[in-house]
> 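Below are the structure tokens for one structure; questions will follow.
Lettering follows sequence order; numbering is per chain, from 1.
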4 protein chains.
Amino acid sequence: MDTVAATPKGQRTEAAFLGAARQVFAEKGYFNAKISDIAEVAGRSPGSFYNYYENKEEILEALLDQFSTEVLEASLKSRTGDPLEGIRGAVRAYWLTYRKYLPEMIGVFQMSMTDPEFAARWQANRAAGIRGVLAGIRSAERTGHRVDLDHGTLASALVSMLESFCWTWMAMGGDPDVDVPDDETAIDTLSALWYRTVFHPVPGCACGCNRT
Amino acid sequence: MDTVAATPKGQRTEAAFLGAARQVFAEKGYFNAKISDIAEVAGRSPGSFYNYYENKEEILEALLDQFSTEVLEASLKSRTGDPLEGIRGAVRAYWLTYRKYLPEMIGVFQMSMTDPEFAARWQANRAAGIRGVLAGIRSAERTGHRVDLDHGTLASALVSMLESFCWTWMAMGGDPDVDVPDDETAIDTLSALWYRTVFHPVPGCACGCNRT
Amino acid sequence: MDTVAATPKGQRTEAAFLGAARQVFAEKGYFNAKISDIAEVAGRSPGSFYNYYENKEEILEALLDQFSTEVLEASLKSRTGDPLEGIRGAVRAYWLTYRKYLPEMIGVFQMSMTDPEFAARWQANRAAGIRGVLAGIRSAERTGHRVDLDHGTLASALVSMLESFCWTWMAMGGDPDVDVPDDETAIDTLSALWYRTVFHPVPGCACGCNRT
Amino acid sequence: MDTVAATPKGQRTEAAFLGAARQVFAEKGYFNAKISDIAEVAGRSPGSFYNYYENKEEILEALLDQFSTEVLEASLKSRTGDPLEGIRGAVRAYWLTYRKYLPEMIGVFQMSMTDPEFAARWQANRAAGIRGVLAGIRSAERTGHRVDLDHGTLASALVSMLESFCWTWMAMGGDPDVDVPDDETAIDTLSALWYRTVFHPVPGCACGCNRT
DNA sequence: CATGAATGAGGATTCATTCAT
DNA sequence: TATGAATGAATCCTCATTCAT
């Protein structure tokens with residue numbers, strides 16, 4: 001976002017560091033990443049790193065600046081009339097966003113365990129997702145569906161599911177006895193969990209709907 | 001499980017270390033825990049620690065020995081005739097187990113990001129949960145419900161949800177704009193997500209069921 | 001003053017570090033002193049240093065704790081009836097105190113150029129000396145001598161003289177074309193400067209006194 | 001003194017560095033001054049610095065070339081018949097010279113603590129002052145005053161006083177409980193110390209003089 | 001067994017100086 | 001001559017682990 005480098009050369013180096021940091025974070029995690037690892041991947045000296053960033057946290061913040069929490073919120077906002085399609089779009093967006101920003105996600109998440117400031121950032125990420133889910137729930141209720149669960153808790157659970165499922169399959173190599181889901185299967189399954197819970201028919205209604 | 005200490009005094013010390021480690025892991029996380037922190041809480045010297053454990057990993061392993069993956073697997077196996085009640089029982093068991101073993105969960109999870117061996121253990125924990133969920137799905141199908149989603153992916157998503165929801169609320173202080181859910185609300189919500197997804201009526205059936 | 005070490009062994013080490021720091025500060029100055037230099041003179045590993053002090057500043061502060069600014073103030077307070085003897089006693093005390101605490105003086109003075117907190121400490125040292133001189137001036141006026149110079153400025157100048165003369169001869173090896181003064185010569189000269197200025201006869205008085 | 005730069009542009013740059021160095025030395029001291037600070041104030045690049053000077057020491061030496069030790073010596077030589085006026089003139093010259101060359105004084109003095117070569121320069125500065133004082137003492141004796149103190153020690157003490165008083169008030173912000181002296185008060189006080197000590201009446205002489 | 005001091009490997013960071021453009 | 005990015009030597013500091021008592 002804001003660049004320290006004045007010259008093209010410096011900009012190339014800065015970009016090299018950003019790219020290297022993403023690669024190293026994705027490959028060995030944020031915790032394991034040493035400045036010298038990043039510098040090596042960037043093809044520069046460790047000292048050069050400090051011309052651009054004060055420390056490892058700062059380069060993570062620089063990466064995060066390119067990705068606001070808005071992104072996650074937007075990703076979870078349905079934009080279509082059909083509720084299932086809306087949810088599927090939201091899940092797909094979240095899934096793809098997570099993949100695109102995997103190094104950043106790994107970084108914030110790991111730092112959230114150590115540093116209160118990053119814990120707040122991680123919570124902000126979740127909060128953005130939660131706002132998106134809540135918006136969906138409210139719009140469902142506006143069309144007559146009553147959602148008979150605590151909205152906040154439900155949203156928190158859904159965001160937990162999305163977040164952890166992405167983490168498991170993208171950062172941790174997945175679950176051992178489960179076939180790697182392709183994108184569509186993943187999106188189908190997560191969407192179904194969301195949709196079926198929110199748009200759930202009340203027992204008394206013969207048509208299977210949930211209208212009030 | 002099995003103790004190294006020969007004398008009663010040694011056994012007391014070992015127990016003190018185990019208890020201290022749990023407390024410190026829960027309070028500041030596994031990463032932030034220094035051997036000297038644990039020793040201090042245990043009221044022993046840092047040097048004494050090494051009479052019982054080679055390093056921090058080993059005391060985590062000792063803690064984990066008291067808690068086999070069976071526990072998680074068992075917790076997620078329904079034991080009752082009524083499916084919803086079965087699921088609620090499973091979720092309650094998971095929720096309470098996670099709380100009971102919070103230090104261990106924090107430890108394995110954080111170590112899973114750094115150490116392949118613990119990554120495997122973490123996966124084993126998840127795998128146990130997944131087996132439990134899959135058992136439930138199979139039993140649902142045995143009673144005539146068709147679950148029209150990829151079973152493995154579904155189980156993985158459900159375990160992700162449970163795991164991350166527990167992590168968020170027990171280890172990370174929860175989501176900022178969501179009221180702290182009491183145990184019943186948490187269990188209700190997680191159970192509903194699970195139940196409604198698995199026992200979902202197919203569109204064509206007026207009775208709202210999903211029988212084949 | 002307050003010791004970190006619990007055991008005799010630790011106390012010996014702590015003392016070794018304090019002694020080593022004094023030696024190194026005196027020999028190569030505070031700025032040039034590396035932690036590893038101090039550790040080497042103390043016969044310990046550099047890492048051991050940090051069991052006792054956070055950094056170089058802290059060991060300087062530990063040294064300073066044994067020496068309060070009171071010392072300098074006391075040193076400059078005359079305690080005898082005869083004014084010249086009082087001044088000579090004060091100068092002698094300052095001169096000997098400075099020598100005794102040479103490493104500390106070097107440390108505070110050098111640090112005063114870099115760190116505001118130590119600049120304040122250095123000023124406090126001077127202020128203590130100034131209070132002592134001012135007390136002497138007041139007592140001279142009580143016995144009827146009028147001191148027709150700005151008291152504060154005079155005290156500041158006298159303390160400057162004492163401080164810098166000590167610095168020059170004890171820390172910097174003296175002035176090249178001046179014979180090394182023995183203690184008595186130094187004390188005589190500094191005392192004369194002080195005494196003759198304060199107890200200076202006014203021109204009009206034939207007896208050479210300065211009484212009002 | 002002699003310039004390295006060949007072109008007018010180069011001469012302007014060199015002047016900019018010299019001016020910037022003076023400013024930075026005066027503001028944050030020589031030790032704290034980084035090459036990059038100087039370059040920034042000069043509005044040039046750090047790399048450019050090395051076209052003119054090998055390192056920080058060298059620019060200090062360049063500054064000192066404009067100011068020979070002669071200056072201090074001259075400043076302390078009385079040029080008038082009246083002894084008190086001579087001394088006042090000398091003190092005033094020293095005081096003003098110190099202010100004028102404050103950055104240089106700070107530089108030499110700080111470097112004198114680290115580098116033997118600059119310690120020698122600092123001593124040379126003092127020696128020049130001492131020669132000036134000694135010349136005054138000799139001329140006093142030529143007019144019949146006996147100075148009954150060790151001349152070298154006395155001169156060393158007077159130069160110490162001048163040096164340290166200037167340092168205290170110009171470089172260190174003064175003494176906390178003393179009112180800032182204006183130039184005349186400072187000069188009066190320092191001169192009085194000098195004059196009263198050198199032209200001190202011997203006890204036995206009723207006229208208050210000190211003639212032999 | 002317990003103690004707590006001692007060790008040293010590992011990594012972060014600074015900044016004077018060099019160098020390609 | 002000017003630029004500013006790149007370098008790497010030097011030092012600080014942490015903390016898991018060892019060891020003498």
Side-chain angles (χ1 to χ4, degrees), chain A residues 4-14 16 32-37 39 42-57, chain B residues 4-14 16 33-40 42-57, chain C residues 4-14 16 33-37 39 42-56, chain D residues 4-14 16 33-40 42-57:
Chain A
V4 177
T7 67
K9 186 185 184 191
Q11 282 166 6
R12 256 178 288 127
T13 298
E14 190 174 0
N32 284 338
K34 283 175 269 171
I35 299 285
S36 55
D37 294 334
R44 320 282 154 148
S45 74
S48 186
F49 180 90
Y50 293 92
N51 290 335
Y52 300 91
Y53 310 100
E54 298 265 318
N55 47 43
K56 206 165 62 162
E57 271 166 57
Chain B
V4 178
T7 71
K9 186 183 178 192
Q11 283 168 7
R12 255 178 291 126
T13 298
E14 189 175 1
K34 294 181 236 168
I35 300 284
S36 55
D37 293 335
I38 298 173
E40 193 174 5
R44 317 285 154 145
S45 72
S48 184
F49 181 92
Y50 292 89
N51 288 333
Y52 300 91
Y53 312 102
E54 295 269 318
N55 48 42
K56 203 164 63 160
E57 276 166 53
Chain C
V4 177
T7 68
K9 186 184 183 192
Q11 282 166 5
R12 255 177 289 127
T13 298
E14 190 174 359
K34 284 176 268 171
I35 299 286
S36 55
D37 294 333
R44 320 283 153 147
S45 75
S48 185
F49 179 91
Y50 293 93
N51 289 334
Y52 301 90
Y53 311 100
E54 297 265 318
N55 47 43
K56 203 167 62 162
Chain D
V4 177
T7 71
K9 186 185 178 190
Q11 283 168 6
R12 256 178 291 126
T13 298
E14 189 175 0
K34 295 181 235 167
I35 300 283
S36 56
D37 294 334
I38 298 172
E40 192 175 5
R44 317 286 154 144
S45 72
S48 184
F49 181 92
Y50 292 89
N51 288 333
Y52 301 92
Y53 312 102
E54 295 270 317
N55 48 42
K56 203 163 64 160
E57 276 165 54

> Round to the nearest Å and state the distance from D:R44 atom CZ to F:dT3 atom C1'.
12 Å

> Rounded to whole angstrom units, what separation is found between the CD atom of D:E40 and the C1' atom of F:dA5?
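Value for this atom pair: 16 Å.
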
> To the nearest 0.5 Å, tell me how far A:D37 CG sits from A:K34 NZ.
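Nearest 0.5 Å value for the CG-NZ distance: 5.0 Å.
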
> Which value, rounded to the nearest 0.5 Å, describes the distance between D:Y52 atom OH and D:T13 atom OG1?
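Separation between the atoms: 4.0 Å.
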
> Rounding to a whole Å, what distance do you find between D:I38:CD1 and E:dC15:P?
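After rounding, the gap between these two atoms is 13 Å.
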
> Does F:dA2 have OP1 or OP2 sitting under 4.0 Å from an N or O in the side chain of D:T13?
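Yes, such a contact exists.
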
> Could you tell me which non-hydrogen atom of A:Y53 sits nearest to which non-hydrogen atom of A:E14, and how far apart they are?
OH-CG, 3.2 Å

> Side-chain N or O of D:Y53 less than 4.0 angstrom from OP1 or OP2 on E:dT17?
no

> Quick one: on DNA chain F, does C:K34 or B:K56 contact a more 5' nucleotide (nearest heavy atom)?
C:K34

> Heavy-atom nearest nucleotide on DNA chain E for B:G43 versus D:A33: which residue maps closer to 5'?
B:G43

> Rounded to the nearest 0.5 Å, how far does CZ of D:R44 lie from CD1 of D:I38?
14.0 Å

> More 5' along DNA chain E: B:F49 or A:I35, using each one's nearest nucleotide?
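Residue closer to the 5' terminus by nearest nucleotide: B:F49.
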
> Any protein N or O atoms within reach of nucleotides 18-21 of chain F? Criterion: under 3.5 Å, listing atom names and distances.
none

> Can you give the dot-bracket line for DNA chain E, where a pair is Watson-Crick or G-U wobble with both atom distances under 3.5 Å, crossing pairs use [ ], and | marks a partner on another strand?
.||||||||||||||||||||

> For A:Y50, give me all partners under ring pair (Phe, Tyr, Trp, His ring centres under 6.0 Å), at least two apart in sequence or on another chain.
none

> Side-chain N or O of D:S45 versus OP1/OP2 of F:dG4: is the shortest distance under 4.0 Å?
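For F:dG4, OP1/OP2 do not have a side-chain N/O of D:S45 under 4.0 Å.
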
> Rounded to the nearest angstrom, tell me the gap between atom CZ in C:R12 and atom C1' in E:dA6.
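Interatomic distance, CZ of C:R12 to C1' of E:dA6: 13 Å.
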
> Ignoring hydrogens, what is the shortest heavy-atom contact between A:I35 and A:N55? Give both atom names and the distance.
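Heavy-atom minimum between the residues: CD1-C, 4.4 Å.
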
> Just to confirm, is there a sub-4.0 Å distance from OP1 or OP2 of E:dA5 to any side-chain nitrogen or oxygen of C:Y52?
no

> Give the nucleotide from the list F:dT1, F:dA16, E:dA2 with an atom nearest to the side chain of B:N51.
E:dA2

> Any idea which heavy atoms bring D:A16 and D:A42 closest together, and the distance?
O-CB, 3.7 Å

> Rounding to an integer number of Å, can you tell me how far B:E14 CD sits from E:dA2 P?
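It works out to 10 Å between those atoms.
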
